[in-house]
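All residue numbers in this chain count up from 1 along the given sequence.
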Amino acid sequence: MERKVEPIQSVSRALTLMSLVLDEGSVNVTEAAAALDVNVSTAYRLLATLAMQDFVERGADKRYSVGPALRVDHAAFPQPSLVMRLRPALERLFERTDETVHIATLAGTQIQHLDGIEATSHSLRFGLRVGVWLPAHRTSAGKALLAELTDEEIDARYRMAMASPRRGRVDVDLESLHEQIADVRETRIGWNFEESEPGIAAMAIATGDLGGQRAAISISMPIARFTRDKGERWAAELIDLVDSLSGV
């Protein structure tokens, strides 16, 4: 029986901070304290320690951004881009569903659509959203990707987002989100019924770790064309698709 290991709090906080800096681009001490739910002096010591090891660096604006230790050139271990790796799978999914499909990644509390294929054979259709940023908690891909994080990491990201200057644009019910995330962890599928925009239904699955890269693959359509049968069939398609990615 595998023994449960309790995390070392200081290490966990430092790793959470590094993850937030990578996702958000930069943080200040107040934002870090809010994200970790600690006092400002503790947040400052953590950031200062990370700065001493070059994991972050402090700018003239007193914000901490990614440091030299996290900007390592990995040219010796070339990796195909996420889009290139997932494009064949995206094309297979499009052929099977004849609906618009996307690849998205998570950054902080938002997702960005990196690639997609638009279904154009329908008179009523869902257009491409490539390059578009959307709130993670309102999208199927976002929920699928958030489900890969711990509850503590999710809370830390949203505390930071709500402490940032753009906090007015973060409208989230964390209790409801955690309930939805629990369902995603059980079924592997994230759902979106008119949450990101009216008239749209979408479903998505996270790819898991692909050589240090993570993404979600989604299917989107006008809600008038969605049926329970399609949802069940395409959920199975998504699971089979991702399970086949281990060798990609």
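Using a 4.0 Å cut-off between charged nitrogen and carboxylate oxygen, E197 and R138 do not count as a salt-bridge pair. Between R188 and D183, no side-chain nitrogen of the basic residue sits less than 4.0 Å from a carboxylate oxygen of the acidic one, so the salt-bridge criterion is not met. At a threshold of 4.0 Å, the pair D240-R96 does not count as salt-bridged, since none of the basic side-chain nitrogens sits closer than that to a carboxylate oxygen. Between E195 and K143 there is a salt bridge, since a side-chain N of the basic residue sits under 4.0 Å from a carboxylate O of the acidic one. Note on E91 versus R87: salt bridge recorded, some NZ/NE/NH1/NH2 to OD/OE distance being below 4.0 Å.
I117 and L86 end up in the same hydrophobic cluster when Ile, Leu, Val, Met, Phe, Trp and Tyr side chains are linked at under 4.5 Å. Cluster annotation: L106 and L134 are assigned to the same hydrophobic cluster (Ile/Leu/Val/Met/Phe/Trp/Tyr, side-chain heavy-atom contacts under 4.5 Å, transitive). When the side chains of ILVMFWY residues are joined at heavy-atom separations under 4.5 Å, either directly or via intervening members, V11 and V38 end up in a single hydrophobic cluster. Linking ILVMFWY side-chain heavy atoms closer than 4.5 Å, directly or via other members, places I189 and L241 in a single hydrophobic cluster. A single hydrophobic cluster is not seen to contain both W133 and I200; linkage of ILVMFWY side chains at heavy-atom distances under 4.5 Å, directly or through other members, places them apart.
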- Before giving the answer on side chain to side chain contact (heavy atoms under 4.5 Å, CB included), spell out for T207 and R85 the whole-Å C-alpha distance, their side-chain angles and the decisive distance to 0.1 Å. CA-CA 11 Å; T207 63; R85 296 180 76 165; over 6 Å; no
- Message: Run the side-chain hydrogen bond (donor to acceptor under 3.5 Å, both in side chains) test on S41 and N39 for me, step by step, so that the C-alpha distance in whole Å, both residues' side-chain angles and the decisive distance to 0.1 Å come before the verdict.
- Response: CA-CA 6 Å; S41 62; N39 59 48; 2.8 Å; yes
- Please assess K62 against V29 for the test side chain to side chain contact (heavy atoms under 4.5 Å, CB included), listing each intermediate value before the final yes or no. CA-CA 8 Å; K62 299 183 179 181; V29 174; over 6 Å; no
- Query: Should L177 and I154 be marked as a side chain to side chain contact (heavy atoms under 4.5 Å, CB included) after you check the CA-CA gap, both sets of side-chain angles, and the distance that decides it?
  - Reply: CA-CA 10 Å; L177 177 61; I154 293 172; 4.2 Å; yes
- Message: The test is side chain to side chain contact (heavy atoms under 4.5 Å, CB included); show your working for I103 and H113 and say whether it passes.
- Response: CA-CA 6 Å; I103 297 167; H113 292 99; over 6 Å; no
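Within the model, atoms CZ of F226 and OG of S220 stand 11.5 Å from one another, a figure rounded to the nearest 0.5 Å. Considering CG of L146 and CZ of R185, their distance stands at 9.0 Å, rounded to 0.5 Å. Taking CD of E118 as the reference point, atom CD of E99 lies at 11.0 Å (rounded to 0.5 Å). Rounding to the nearest 0.5 angstrom, the gap separating the CZ atom in R13 from the CG atom in L15 is 12.5 Å. Atoms OG1 and CE, from T187 and M203 in turn, are 9.0 Å apart once rounded to the nearest 0.5 Å.
For the pair W234 and I205, the minimum side-chain heavy-atom distance is 4.5 Å or more. Looking at D115 and H102, their side chains never come closer than 4.5 Å, going by heavy atoms from C-beta outward. Contact annotation: the side chain of Q180 never approaches that of W191 to less than 4.5 Å [non-hydrogen atoms, C-beta and beyond]. In this structure the side chain of N28 never reaches within 4.5 angstrom of the side chain of D61, judged on heavy atoms. Between S121 and D98, the closest side-chain pair of non-hydrogen atoms falls below 4.5 Å. Residues T42 and L46 are in side-chain contact: their nearest non-hydrogen atoms beyond the backbone lie under 4.5 Å apart. Residues S65 and E57 have side chains in contact (heavy-atom distance under 4.5 Å, counting atoms from C-beta outward). Within the 4.5 Å cutoff, side-chain heavy atoms of I219 are placed close to those of L238.
Atom CZ of F94 is surrounded by more than 12 heavy atoms from other residues, nucleotides or ligands within 6.0 Å.
A donor-acceptor pair under 3.5 Å links the side-chain atoms of T100 to the main chain of F126, judged by distance alone. Looking at H137, its side chain never comes within 3.5 Å of a backbone N or O of S176 through a donor-acceptor pair. Formation of a donor-acceptor pair under 3.5 Å by the K230 side chain with backbone atoms of T97 is not found in this model. Of the possible donor and acceptor atoms, none in the side chain of Q110 sits under 3.5 Å from a partner among the backbone N and O of A107. Side-chain N or O atoms of R159 include one that pairs as donor or acceptor with a backbone N or O of A35 at under 3.5 Å. Between the side chain of R58 and the main chain of Y64, no donor-acceptor pair closer than 3.5 Å is present. Panel note: side chain S218, backbone V101; no donor-acceptor pair is recorded below 3.5 Å. Here the side chain of E194 pairs a donor or acceptor atom with the backbone of G199 at under 3.5 angstrom. Not one N or O on the side chain of R157 forms a donor-acceptor pair closer than 3.5 Å with the backbone of T109.
Nearest approach of G190 to V184, heavy atoms of both residues: CA-CG2, 3.8 Å. Across every non-hydrogen atom of V242 and A206, the tightest pair is CG1-O, 3.6 Å. Considering all non-hydrogen atoms of both residues, A215 and L82 come closest at CB-CD2, 3.6 Å. The minimum heavy-atom distance linking S244 with R92 is given by the pair OG-NH2, 3.7 Å.
For the side chain to side chain contact (heavy atoms under 4.5 Å, CB included) test with T105, the passing option among L114, V83, I111 is L114; the others fail.
For the salt bridge (charged side-chain N to carboxylate O under 4.0 Å, His left out) condition, the pairs that include at least one residue of residues 198-217, sequence neighbours left out, are E148-R214.
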